Amino acid sequence: MTHTLKEADLHQFTGSEYWYRHSLVRSVLFTDGARHVAEAGGAHWLLDEIALAQRFEKKVSGEEFQLWKLTVKEDHTATLVCEDGNGRKLLFQAIPYTDFPLQEIKLYYTNNTILLPSEY
C-alpha cells in the first residue's frame, strides 16, 4: 500500500472539528490531525501504541501531558519514545520494521486525547 502522508499536510491541522474514540481503549480520543496521520501514513498502529500505553504503562499513564516521537531510520527500523514534555523519557520502544513515510513525527497526548502539536 502506498502511503500519501507528507510533512506539509500536517500544517493544515490547527484545531479539530471532530474527535474520534479509539477502538481498543475507549477512554482515549484522537483528533482530525491524528486520524489523518493514521490513515494517510498507514499508522493506526501508532495510535494503538499510544492508547495502549495509557492502559498498561503506569509510568506513562501517570503523566498529564505526553510527547510521543516516532523516528524512522533509512533501514525502516524506528524508535518510539514517550517523554513528559520536559525531556524526561517515560517509555522507549524499538520498532523492528515500519513503512511510515516520514522520518519523524511528534504527537501529543493530553486530556485523554492524541493530537498533533499544531492542534494543541
Side-chain angles (χ1 to χ4, degrees):
M1 178 176 189
T2 302
H3 303 300
T4 59
L5 182 66
K6 295 180 180 71
E7 182 74 34
D9 296 345
L10 304 180
H11 301 296
Q12 71 180 326
F13 296 99
T14 57
S16 193
E17 191 170 328
Y18 300 101
W19 284 264
Y20 307 90
R21 190 164 304 280
H22 192 272
S23 62
L24 299 175
V25 183
R26 304 293 292 162
S27 61
V28 172
L29 304 173
F30 54 95
T31 61
D32 290 330
R35 181 175 186 235
H36 181 75
V37 168
E39 290 184 354
H44 288 280
W45 64 269
L46 180 56
L47 299 186
D48 291 348
E49 290 293 338
I50 296 169
L52 290 169
Q54 309 311 312
R55 168 95 28 100
F56 298 111
E57 299 288 340
K58 290 184 183 195
K59 192 189 284 189
V60 171
S61 64
E63 288 296 326
E64 186 176 316
F65 178 86
Q66 301 162 21
L67 165 64
W68 288 81
K69 181 177 169 183
L70 177 69
T71 305
V72 180
K73 300 173 188 152
E74 287 184 24
D75 65 357
H76 295 281
T77 62
T79 57
L80 180 61
V81 177
C82 175
E83 297 180 359
D84 67 356
N86 294 315
R88 185 170 61 98
K89 288 185 179 153
L90 305 171
L91 182 89
F92 175 90
Q93 185 174 352
I95 309 292
Y97 176 81
T98 183
D99 58 355
F100 188 73
L102 303 180
Q103 288 182 328
E104 180 180 282
I105 190 159
K106 293 178 183 175
L107 295 165
Y108 291 165
Y109 179 84
T110 188
N111 297 321
N112 296 323
T113 306
I114 303 167
L115 61 152
L116 292 172
S118 61
E119 295 176 299
Y120 185 67

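Just the heavy atoms: all of them, side chains too, but no hydrogens, waters or symmetry mates, feed the values below. Fair warning: this is a prediction, and the values are worked out from it, not measured in the lab. FYI, the numbering just counts along the sequence from 1.
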With the 4.5 Å side-chain cut-off for hydrophobic clustering, are [X] and [Y] part of the same group?
| X | Y | answer |
| --- | --- | --- |
| Phe100 | Phe92 | no |
| Leu5 | Leu115 | no |
| Leu47 | Trp19 | no |
| Tyr120 | Leu107 | no |
| Leu29 | Val25 | no |

| query | Are Arg35 and Phe30 in a cation-pi contact, defined as NZ or CZ under 6.0 Å from the six-membered ring centre and within 45° of the axis? | reply |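 So Arg35 doesn't make the cation-pi contact.
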
Please identify each residue that fulfils side-chain contact (heavy atoms from CB on, under 4.5 Å) with [X], with sequence neighbours left out.
| X | value |
| --- | --- |
| His76 | Tyr97 |
| Ala53 | Glu57, Val60, Trp68 |
| Glu83 | Leu67, Val81, Lys89 |

Short side-chain to backbone donor-acceptor contact, [X] and [Y], under 3.5 Å:
| X | Y | result |
| --- | --- | --- |
| Asn86 | Arg88 | no |
| Thr31 | Thr113 | no |
| Glu7 | Leu102 | no |
| Asn112 | Val28 | no |
| Glu119 | Leu116 | yes |

Whether the Gln66 and Gln54 side chains hold a donor-acceptor pair (N or O, under 3.5 Å, no angle test) is what I'd like checked. yes

_Could you check whether Asp75 and Thr77, counting side-chain N and O atoms only, form a donor-acceptor pair closer than 3.5 Å?_
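Short answer, yes.
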
Can you name the closest pair of heavy atoms from [X] and [Y] and give their distance?
| X | Y | result |
| --- | --- | --- |
| Gly41 | Pro101 | O-CD, 3.6 Å |
| Tyr18 | Ser16 | O-OG, 2.5 Å |
| Lys59 | Glu63 | O-CG, 3.9 Å |

Before giving the answer on side chain to side chain contact (heavy atoms under 4.5 Å, CB included), spell out for Thr79 and Leu70 the whole-Å C-alpha distance, their side-chain angles and the decisive distance to 0.1 Å.
CA-CA 6 Å; Thr79 57; Leu70 177 69; over 6 Å; no

Here the gap from His44 atom NE2 to Leu24 atom CG, rounded to the nearest 0.5 Å, amounts to 11.5 Å

dist Asp9:CG -> Thr4:OG1 (nearest 0.5 Å) comes out at 7.0 Å

Heavy-atom side-chain contact between Lys69 and Ile105 under 4.5 Å:
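No; the side chains remain at least 4.5 Å from each other.
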
4.5 Å side-chain heavy-atom contact, Ile114 and Tyr108: no

Exercise. Does the side chain to side chain contact (heavy atoms under 4.5 Å, CB included) test come out yes or no for Val72 and Glu104, once each step is laid out?
Worked result: CA-CA 6 Å; Val72 180; Glu104 180 180 282; over 6 Å; no

